[in-house]
Student: 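My structure is below; once you've seen it, I'll send some questions.
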Amino acid sequence: MVRVRFAPSPTGKVHVGSLRTALYNYLYAKQNNGQFVLRLEDTDRTRYEEGSVDSLLHALYQTKIIPDEGLVLEGNEIGQSGEYGPYIQSERLNIYKKYIQKLLDDGKAYYCFCSKERLDDLREKQKQAGETPRYDGHCRNLSPQEVQTKIDNGEPYVIRLKLPENQIISFQDVIRGDIAINTEDLDDQVLIKTDGFPTYHFAVVVDDHLMGITHIIRGEEWLPSTPKHVYLYQCFGWEEPQYVHLPNILNADHKKLSKRQGDVSVEDFLAKGYLPEALINFLALLGWSPEGDQEIFSLDELVDIFEPERINKSGAVFDREKLNWMNGQYIKKLSDDEMVDKMVPFLLKAGEISSEDVLNKKSWLQKVAQILRERIDYFAQAPEELKAILNPDFVMTDTEEAQQIMAADTVPVLYQALTDKIEAADAEQWNAENAQKMIKSIQKEHKAEKIKGKALYMPIRLMLTGEMHGPDLALIMDVLGKDECLKRLRAYQTHHSL
RNA sequence: GGCCCCUUGGUCAAGCGGUUAAGACACCGCCCUUUCACGGCGAUAACGGGAGUUCGAUUCUCCCAGGGGUCACCA
């Protein structure tokens, strides 16, 4: 039975790198009919951020990386489900107490009364001497009596792991193979802090074992401390899990992707109108690739073809361009209704449409959405893309080229012809097809003036939208409607006295 | 600095001793087209370096270099 877990800390919004870790865990669990557990590692109360559990759950549920066990969403409430709870580490303090006692009894851990000042001082001296900062074992061999006296005196203490000297600890990583580290290069890690909370290194081992976790799929930054975890498993006589250390996700500068450099949280990407499916698809292929050339995969397909053995060893740069492309692929496949649903919030927020429009102009919105579909990578681009069409108070582009086009002596003729046609048009029959016919008929009727091609379309485009570029003119006219077209034409005329 | 991990085009990557070293994104060019976008076609572009092993190394071994991670009572 495969059991995996995703165990983030509630320290803010969920990072896309974390989402990838969660995804790989999820994929592996699903393809093996195992369980995907969500546990909260909240042993550092100083870093706790309000609301992060909420955003964690929502990020996971929106992207469909839904936990089978542990922290789950029950309706809109956060709950815990499963037989191995509690799944929040701060609720498991008594459990850690029990297991640390066993370590203490076996002489595998010891009390340490060193003050923060002494430790800082020590570290500083070691650094200056060019040595690797490391605990010097000051309290390693205190007698039970000394320990008892200090505890009775109320001296604060931590409990440290008593690492054996000069011993090789080795383990297997599914991606990287054999890894061996000498305990001389490791520190007597603090297991229990002064406040009685466990550190990550202790809690993770106890919990993973107690929760029956078989595979630990996590970020590469944990690789150097894994020997400590392995040693703890050995101390307890527990079966070690399989380790899978994922390569980092990098910035363009090849540094670890960090919050300092733009948006990196799942929430940010979704808020920009990236589709959850696309984000998942992109993340899945960052650091892993299946056989073959296919690149667009649903979550279910990913479950089928995921192979941890094919995960790459080296870090992968998070390429926004490729994500944009992929998201665009997903947008192109959206239905009209889905397009409208996704697009509307962004247009509303930008004030390009009103909530009345949303209620009353469904088919109109669908036309707008169709125009939009092939033109954006993510929905936050929608207002800008549609601005020239939706905003009646657009500003005319004043490039030299545009001015030249509008200075042509065919423009007044064209203006008049178009205005006449539109006025004569049946508002009931107003659509893209008829708009196109209108333009074509102008071309036919003004062969003599050579009003065709660019000289025909570009002035119309400029008069109606103020822009030289944009969607098909007939589509624009359709969306604008008869009255708005006339209004814009006349506005142009009054401003430029044709 | 110690330790650990990594190293194929700008980016993601395939490759697992013998290949004209895939494919995708980006970039550039052409086509489609009233413009832009979409789409289609095409071009440029890579095995970090040095020793081995081998008939033959991108692929195996070692060394070096470069990059990253980690050295907390943070995870």
Side-chain angles (χ1 to χ4, degrees), chain A residues 7-11 41-44 46-47 89 112 114-116 119-120 123 126-127 129-135 156-160 173 175-177 179-182 184-187 189-201 203-204 218-227 245 247-248 250 252-256 282 285-296 310 312-326 328 332 371-376 385 405 439 443 452-462 465 467-474:
Chain A
S9 294
T11 56
E41 312 228 320
D42 62 341
T43 54
D44 183 0
T46 63
R47 292 210 310 158
Q89 289 186 329
C112 170
C114 293
S115 68
K116 184 126 176 47
L119 259 19
D120 288 346
R123 218 184 333 266
Q126 288 172 326
K127 265 188 192 168
E131 296 167 25
T132 303
R134 208 180 155 212
Y135 182 62
Y157 61 84
V158 301
I159 299 173
R160 287 181 184 273
D173 184 274
I175 302 175
R176 288 155 220 277
I179 294 171
I181 295 182
N182 192 308
E184 295 304 300
D185 297 315
L186 260 25
D187 211 350
Q189 185 58 233
V190 170
L191 264 19
I192 300 289
K193 301 183 259 186
T194 309
D195 62 6
F197 277 66
T199 58
Y200 171 85
H201 303 285
V204 77
R218 73 207 327 180
E220 162 178 55
E221 65 272 22
W222 294 111
L223 208 46
S225 48
T226 303
H245 285 97
N248 279 325
L250 276 20
D253 65 1
H254 288 263
K255 296 270 168 24
K256 217 168 138 181
F282 176 72
L285 262 31
L286 206 54
W288 169 79
S289 68
E291 269 185 271
D293 282 345
Q294 189 180 336
E295 287 200 288
I296 305 294
R310 288 182 66 95
N312 280 64
K313 292 177 165 76
S314 52
V317 172
F318 188 98
D319 184 1
R320 257 314 253 283
E321 296 284 355
K322 180 121 188 188
L323 170 62
N324 284 349
W325 170 80
M326 189 167 278
K332 286 182 187 71
I371 286 180
L372 193 63
R373 181 182 282 109
E374 308 261 292
R375 309 184 68 82
I376 54 166
E385 189 62 40
I405 287 167
I439 298 173
Q443 179 179 334
K452 62 175 184 184
K454 224 171 169 176
L456 169 65
Y457 286 88
M458 205 43 87
I460 301 180
R461 178 179 294 284
L462 278 163
T465 68
E467 296 288 339
M468 303 235 326
H469 308 303
D472 184 87
L473 243 190

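Just so we're on the same page: letters track the sequence lines, and every chain starts at 1. Since the model is a prediction, treat every value here as computed from it, not as a measurement.
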Student: Expressed as a whole number of Å, how far does the P atom of B:rG18 sit from that of B:rC3?
Tutor: 36 Å
Student: Using side-chain contact (heavy atoms from CB on, under 4.5 Å) as the criterion, list what pairs up with A:V317, not counting sequence neighbours.
Tutor: A:L250, A:H254
Student: What's A:R123 touching, base or sugar-phosphate or nothing? Going by heavy atoms closer than 4.0 Å.
Tutor: sugar-phosphate
Student: Identify all side-chain donor-acceptor contacts of residues 286-296 of chain A below 3.5 Å with residues at least two apart in sequence or on another chain.
Tutor:
residue, atom, partner, partner atom, Å
A:W288, NE1, A:E307, O, 3.1
A:Q294, NE2, A:I296, O, 2.8
A:E295, OE2, A:K322, NZ, 2.9

Student: Select one nucleotide: of B:rU35, B:rC38, B:rA75, the one nearest the side-chain heavy atoms of A:M458.
Tutor: B:rU35
Student: May I ask you to test the A:I371-A:E385 pair for a side-chain heavy-atom distance under 4.5 Å?
Tutor: no
Student: Taking CG from A:N324 and C1' from B:rC38, how many angstroms apart are they, rounded to a whole number?
Tutor: 16 Å
Student: If the sugar-phosphate is the primed atoms plus P, OP1 and OP2 and the base is the rest, what is the B/S/- string for nucleotides 26-33 of chain B, using protein heavy atoms under 4.0 Å?
Tutor: S-------
Student: Considering only the C1' atoms, how many Å lie between B:rG9 and B:rC25, rounded to the nearest integer?
Tutor: 13 Å
Student: How far does the P atom of B:rU53 sit from the matching atom of B:rA21, given to the nearest Å?
Tutor: 26 Å
Student: Look at all strands and tell whether A:R373 reaches a base, only sugar-phosphate, or nothing, counting heavy atoms closer than 4.0 Å.
Tutor: nothing
Student: With the side chain of A:T199 defined as its heavy atoms from C-beta on, choose the nearest nucleotide among B:rG68, B:rA75, B:rC36.
Tutor: B:rA75
Student: Distances under 3.5 Å only, N/O to N/O: pair up the protein atoms with those of nucleotides 1-8 of chain B.
Tutor:
residue, atom, partner, partner atom, Å
B:rC5, O2', A:R176, NH1, 2.5

Student: Anything below 3.5 Å on both distances counts as a pair; with that, list the stems of at least three consecutive Watson-Crick or G-U pairs involving RNA chain B.
Tutor: B:1-7 with B:65-71, B:10-12 with B:23-25, B:28-31 with B:39-42, B:48-52 with B:60-64
Student: A:F318 CZ to B:rA13 P: how many Å, rounded?
Tutor: 13 Å
Student: Within the 4.0 Å heavy-atom criterion, would you say A:G287 contacts the bases, only the backbone, or no part of the nucleic acid?
Tutor: sugar-phosphate
Student: Ring pair (Phe, Tyr, Trp, His ring centres under 6.0 Å) with A:Y200: which residues, sequence neighbours excluded?
Tutor: A:W222, A:H229
Student: Output the rounded distance in Å from CE (A:M326) to C1' (B:rG23).
Tutor: 13 Å
Student: Can you list everything that forms a side chain to side chain donor-acceptor pair (under 3.5 Å) with A:R310? Sequence neighbours excluded, please.
Tutor: none
Student: Mind checking what makes side-chain contact (heavy atoms from CB on, under 4.5 Å) contact with A:P8, not counting sequence neighbours?
Tutor: A:F6, A:L38, A:L56
Student: Base, sugar-phosphate alone, or nothing: which one does A:R310 contact when heavy atoms must sit under 4.0 Å apart?
Tutor: sugar-phosphate
Student: What nucleic acid atoms does A:D293 come within less than 4.0 Å of, heavy atoms only: base, sugar-phosphate, or nothing?
Tutor: base
Student: Looking only at the side chain of A:D187 (C-beta and beyond, no hydrogens), which of the listed nucleotides B:rC38, B:rU35, B:rA72 gets closest?
Tutor: B:rA72
Student: Take atom C1' in B:rC47 and the same atom in B:rU59, then report the distance between them in whole Å.
Tutor: 10 Å
Student: Which residues satisfy the ring pair (Phe, Tyr, Trp, His ring centres under 6.0 Å) test with A:F318, sequence neighbours excluded?
Tutor: A:F269, A:F282
Student: Applying a 4.0 Å non-hydrogen cut-off, can you work out what A:K332 is touching in the nucleic acid: base, sugar-phosphate, or nothing?
Tutor: sugar-phosphate
Student: With A:E131, which residues qualify under side-chain contact (heavy atoms from CB on, under 4.5 Å), at least two apart?
Tutor: A:Q126, A:A129
Student: Using a cut-off of 6.0 Å, state whether more than 12 heavy atoms not belonging to A:K332 lie near its atom NZ.
Tutor: yes
Student: Output all residues satisfying side-chain contact (heavy atoms from CB on, under 4.5 Å) with A:E221, sequence neighbours left out; order by chain, then residue number.
Tutor: A:N248, A:K256
Student: Looking only at atom C1', what distance separates B:rU34 and B:rU19, rounded to whole Å?
Tutor: 47 Å
Student: Name all residues meeting the salt bridge (Lys or Arg N to Asp or Glu O under 4.0 Å) criterion together with A:E41; count only those two or more places apart in sequence or in a different chain, and write none if there are none.
Tutor: A:R39
Student: Are any of the side-chain heavy atoms of A:T226 and A:H245 separated by less than 4.5 Å?
Tutor: yes
Student: Looking at the side chain of A:R375, which of B:rA75, B:rU11, B:rC36 is the nearest nucleotide?
Tutor: B:rC36
Student: Indicate, with a heavy-atom threshold strictly under 4.0 Å, whether A:M468 touches base, sugar-phosphate, or nothing.
Tutor: base
Student: Between atom NZ in A:K452 and atom P in B:rU35, what is the gap in whole Å?
Tutor: 14 Å
Student: Would you measure the distance from the C1' atom in B:rG50 across to the matching atom in B:rU7 and give it in whole Å?
Tutor: 15 Å
Student: Among the candidates B:rA75, B:rC12, B:rA22, find the nucleotide nearest to the side-chain atoms of A:E41.
Tutor: B:rA75
Student: Across the strands shown, which category fits A:T46 at heavy-atom distances under 4.0 angstrom: base, sugar-phosphate, nothing?
Tutor: nothing
